[in-house]
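For reference, the structure discussed in these notes is given below.
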Amino acid sequence: MPGSELYQKLAEAFHAEGTRSMFGLLGDGNMYWAAALESLGCRPIYARHEHCAVSMAIAYANATGEPGIASVTCGPGLTQIMTALTTAARAEIPLVVFAGEAPSSSRWYNQAADQAPYVTACGGKYVRAHYPPRMLDQVQEAFLMARLERKPVVIGVPLDLQAQTAPPMANYTPSTAVIPRVGPIMPAPQDVVACAEEIRRSERIVLLAGRGAYRSGAAQECRQLADKIGAVLATTLPVRGLFHDHPFSLGVAGGFSTDVAREVFAKADLVIAVGASVSQHTSDNGKLYPKARVVQIDIRPVGVHQGRSVADFYVRADAKAGLAAVMQTLGAYSSPGRLRTPELADQIVRRPADASSFEIEPGVLDPRDVVRALDQALPKDWHIVNSSGHCSYFTTHMVGRRANRFHAIREFGAIGNGLSYAIGVAAAYPDHPVVLLDGDGGLLMHAQELETVRRHNLPILLCILNDGAYGSEIHKLRADGLSDSGAVFGRGNLGSIAHGFGLAGDVVRDLSKLPQLVAAFAAQPSGTLLDFHISDRVTSPVIRRAHPGKH
Ligand SMILES: Cc1ncc(C[n+]2csc(CCOP(=O)(O)OP(=O)(O)O)c2C)c(N)n1
Ligand SMILES: [Mg+2]
């Protein structure tokens with residue numbers, strides 16, 4: 001009887017979990033399941049490379065807070081996704097990947113592989129679904145692990161078993177129905193008292209908020225506490241924009257901080273890290289705030305993170321609950337602090353992120369001018385996706401945009417994901433324009449996904465900072481006096497490449513035309529590539545600090 005196969009039941013279970021978007025690439029191991037899922041009303045986005053499908057699911061999960069769903073066939077379909085799985089594991093992104101496995105009844109199968117070790121090597125979990133009566137429980141277990149442990153989980157089902165008639169099974173219970181509903185983690189009173197005492201003793205406080213503050217909905221409490229104790233505000237890169245309209249917001253903390261932010265951090269005597277793991281990047285390898293004591297308010301303090309001691313003392317608590325308790329304990333205490341001056345407010349608005357000057361070769365643009373012009377021309381409520389590479393320093397410095405409009409997933413540091421992340425965000429917010437800021441190298445690593453943009457008619461504006469090179473590499477090689485020839489490729493013709501895939505695209509030589517170009521895209525948003533030829537001589541402060549005196 002059609003509809004009684006196991007793949008159908010498995011698709012129904014995914015649908016019952018709330019799966020309404022799925023990113024995949026088909027093969028014998030997953031196509032029946034995927035077709036069944038689509039017929040239930042799930043929107044599939046079919047990518048041209050499995051790595052990209054999983055990267056799309058990562059961005060979708062990051063944007064929606066729901067598990068990202070992807071699917072690959074057995075063997076080579078699975079081995080393609082190792083970089084994306086590792087990224088998801090490092091970034092604590094919940095994913096469930098439906099993978100085929102080689103038929104269990106065959107003695108030999110060309111695409112057979114022991115799939116679990118590939119996944120576990122990446123930091124993911126592998127669920128072997130080999131016994132039909134258990135399979136629906138295993139789907140639930142996969143979703144539970146993804147949601148509760150914030151991990152990528154791959155469920156592997158042999159393709160011959162998928163085609164069997166399903167045995168009698170109880171109705172599927174979605175993982176959300178069994179997840180314990182519990183309140184936020186409250187702080188221990190003695191930790192709150194210690195934190196309040198530290199605040200009273202300090203005069204130059206920076207409140208640094210991370211993803212935990214964002215997820216707990218604590219932005220308002222962060223502002224309230226900062227205003228009460230005269231602290232200035234900063235965020236980690238992933239939640240940049242959390243305090244975008246506050247006059248004493250320093251922007252991003254870490255290697256990507258502005259000059260003004262670095263100067264303020266250098267004076268800080270206390271950093272209150274709220275829901276921030278305080279990564280090497282965020283603390284700029286411990287160099288950002290050398291004089292400050294650090295308190296971390298977090299649901300899972302770990303003491304040492306990425307090889308560095310995180311804080312001097314800890315408050316284990318949900319961000320919102322922890323901040324409320326600290327404010328209550330401070331009672332009537334308030335202080336203007338010594339950082340909040342009219343001069344600082346003025347500098348935050350007026351000073352560029354990096355004021356260094358460079359001699360720029362003729363016919364190309366300064367990447368800082370490009371980003372400034374884009375920041376002015378792009379509506380503030382459009383989604384912005386930042387990727388990796390040298391240019392990501394420049395693209396970080398866009399202002400006046402909310403945290404939920406910025407998308408940056410930098411864990412594991414792989415280039416080549418920007419376009420996939422933009423597609424994932426576009427799937428999460430149908431009909432909202434999405435802007436991708438990426439380098440030429442990152443784009444060309446997975447340019448095949450331009451075809452996915454066209455096929456799904458996604459409203460993505462690709463703004464490519466094209467230095468004709470792997471900028472990160474050339475700046476470092478040059479600083480060390482080595483040949484940069486292995487990292488210089490020429491700027492090519494990215495507009496023609498876009499046309500070849502059925503998108504619009506052109507070089508932008510005159511930044512004064514940008515408002516018109518953006519207006520044309522806004523009038524009819526569909527895949528468009530703007531190719532900005534930028535200088536390869538403008539070196540970010542991150543590289544200059546790593547190679548002092550050589551730029
Ligand atoms: C998968 C992967 N391969 C190689 C690298 C090393 N890498 C870091 S940045 C970079 C250059 C990226 O070039 P592009 O996207 O043009 O950005 P740019 O640095 O030029 O601004 C490379 C190759 C990496 N991070 N990830
Ligand atoms: Mg480049």
Side-chain angles (χ1 to χ4, degrees), residues 49-52 54-55 58 79-91 122 237 255-256 280-281 353-354 358 360-361 364-371 374 385-398 408-422 435-450 462-480 482-494 497-498 507-508 529-544 546-547 551:
H49 192 296
E50 287 87 350
H51 164 81
C52 297
V54 177
S55 295
I58 288 176
T79 58
Q80 299 262 49
I81 66 173
M82 291 184 73
T83 305
L85 287 179
T86 311
T87 302
R90 301 277 170 95
C122 299
L237 181 67
F256 281 8
Q280 289 273 8
H281 283 134
D354 168 33
F358 298 88
I360 290 184
E361 59 277 34
V364 291
L365 301 163
D366 186 321
R368 297 169 298 182
D369 293 340
V370 174
V371 171
L374 280 169
V385 176
N386 270 27
S387 71
S388 306
H390 179 252
C391 59
S392 59
Y393 165 79
F394 305 113
T395 58
T396 294
H397 298 291
M398 295 176 95
I409 301 155
R410 300 292 303 275
E411 284 83 355
F412 202 43
I415 64 161
N417 296 323
L419 182 49
S420 303
Y421 289 162
V435 179
L436 168 66
L437 302 168
D438 205 353
D440 48 318
L443 174 77
L444 290 174
M445 187 172 272
H446 281 300
Q448 77 280 350
E449 300 307 329
L450 290 168
L462 296 94
C463 299
I464 305 302
L465 299 194
N466 185 356
D467 59 358
Y470 289 156
S472 281
E473 282 63 30
I474 58 170
H475 292 290
K476 294 173 196 166
L477 288 166
R478 288 176 190 168
D480 286 339
L482 297 166
S483 164
D484 61 11
S485 66
V488 177
F489 302 98
R491 291 185 174 79
N493 190 335
L494 301 184
I497 290 173
V507 181
V508 182
L529 187 153
L530 302 181
D531 181 9
F532 297 89
H533 287 191
I534 59 161
S535 167
D536 71 6
R537 297 191 190 160
V538 181
T539 308
S540 74
V542 183
I543 303 255
R544 297 198 317 263
H547 301 269
H551 288 278

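Atoms within a ligand are numbered from 1 in the order they appear, just like the ligands themselves. Everything numeric in this text was worked out from a predicted model, so none of it was measured. Residue numbers run from 1 in the order of the sequence given.
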request  = Salt-bridge test for Asp354 and Arg544: reply yes if a basic N is under 4.0 Å from a carboxylate O, no otherwise.
outcome  = yes

With Asp366 via salt bridge (Lys or Arg N to Asp or Glu O under 4.0 Å) - residues at least two apart = Arg368

key: Gly389: numbered ligand 1 atoms lying under 4.0 Å from its heavy atoms   = 9 (S), 17 (O), 19 (O)

message = Can you name the atoms of ligand 1, numbered from 1 with element, that are less than 4.0 Å from a heavy atom of Gly442?
response = 14 (P), 15 (O)

query = Will you find, in the side chains of Asn417 and His51, an N or O donor that is under 3.5 Å from an N or O acceptor?
reply = yes

request  = Under 4.0 Å from a heavy atom of Gly471: give me the atoms of ligand 1 that qualify, with their elements.
outcome  = 18 (P), 19 (O), 20 (O)

note = Nearest non-hydrogen contact to atom 13 (O) of ligand 1 from the set Phe412, Phe394, Tyr470 belongs to Tyr470

task = Give the residue, atom name and distance (to 0.1 Å) of the protein heavy atom nearest atom 10 (C) of ligand 1.
result = Glu473 OE1, 3.1 Å

task = Quick one: report the N, O or S atom of Asp440 that is nearest to the Mg ion (ligand 2).
result = OD1

request  = Tell me, please, if Ala469 has any N/O/S atom, main chain or side chain, under 2.8 Å from the Mg ion (ligand 2)?
outcome  = yes

task = State the atom name: nearest N, O or S atom of Asp467 to the Mg ion (ligand 2).
result = OD1

query = In terms of atom number and element, which parts of ligand 1 are under 4.0 angstrom from non-hydrogen atoms of Gly441?
reply = 13 (O), 14 (P), 15 (O), 16 (O)

query = At the 4.0 Å heavy-atom cut-off, does Gly413 count as touching ligand 1?
reply = yes

message = I'd like to know if Arg491 and Asp536 make a salt bridge, using a cut-off of under 4.0 Å between side-chain N and carboxylate O.
response = no

request  = May I ask you to list the atoms of ligand 1 that are less than 4.0 angstrom from any heavy atom of Cys391?
outcome  = 21 (O)

Contact atoms of ligand 1, heavy-atom distance to Ser472 under 4.0 Å = 9 (S), 19 (O)

ask   = Which atoms of ligand 1 sit under 4.0 Å from any heavy atom of Asp467?
value = 20 (O)

ask   = For ligand 1, does Asp440 get within less than 4.0 Å through its side chain, its backbone, both, or neither, judged by non-hydrogen atoms?
value = both

Within reach of ligand 1, part of Ala469 (heavy-atom separation under 4.0 Å) = backbone

inquiry  = So, 4.0 Å and heavy atoms of Ile415: is ligand 1 close enough to count as a contact?
reply    = yes

Donor-acceptor side-chain pairing of Ser392 and Asn386 below 3.5 angstrom = no

message = Which of the numbered atoms in ligand 1 are under 4.0 angstrom from any heavy atom belonging to His390?
response = 18 (P), 19 (O), 21 (O)

inquiry  = Taking 2.8 Å as the cut-off, does Asp536 contribute an N, O or S atom near the Mg ion (ligand 2), distance below it?
reply    = no

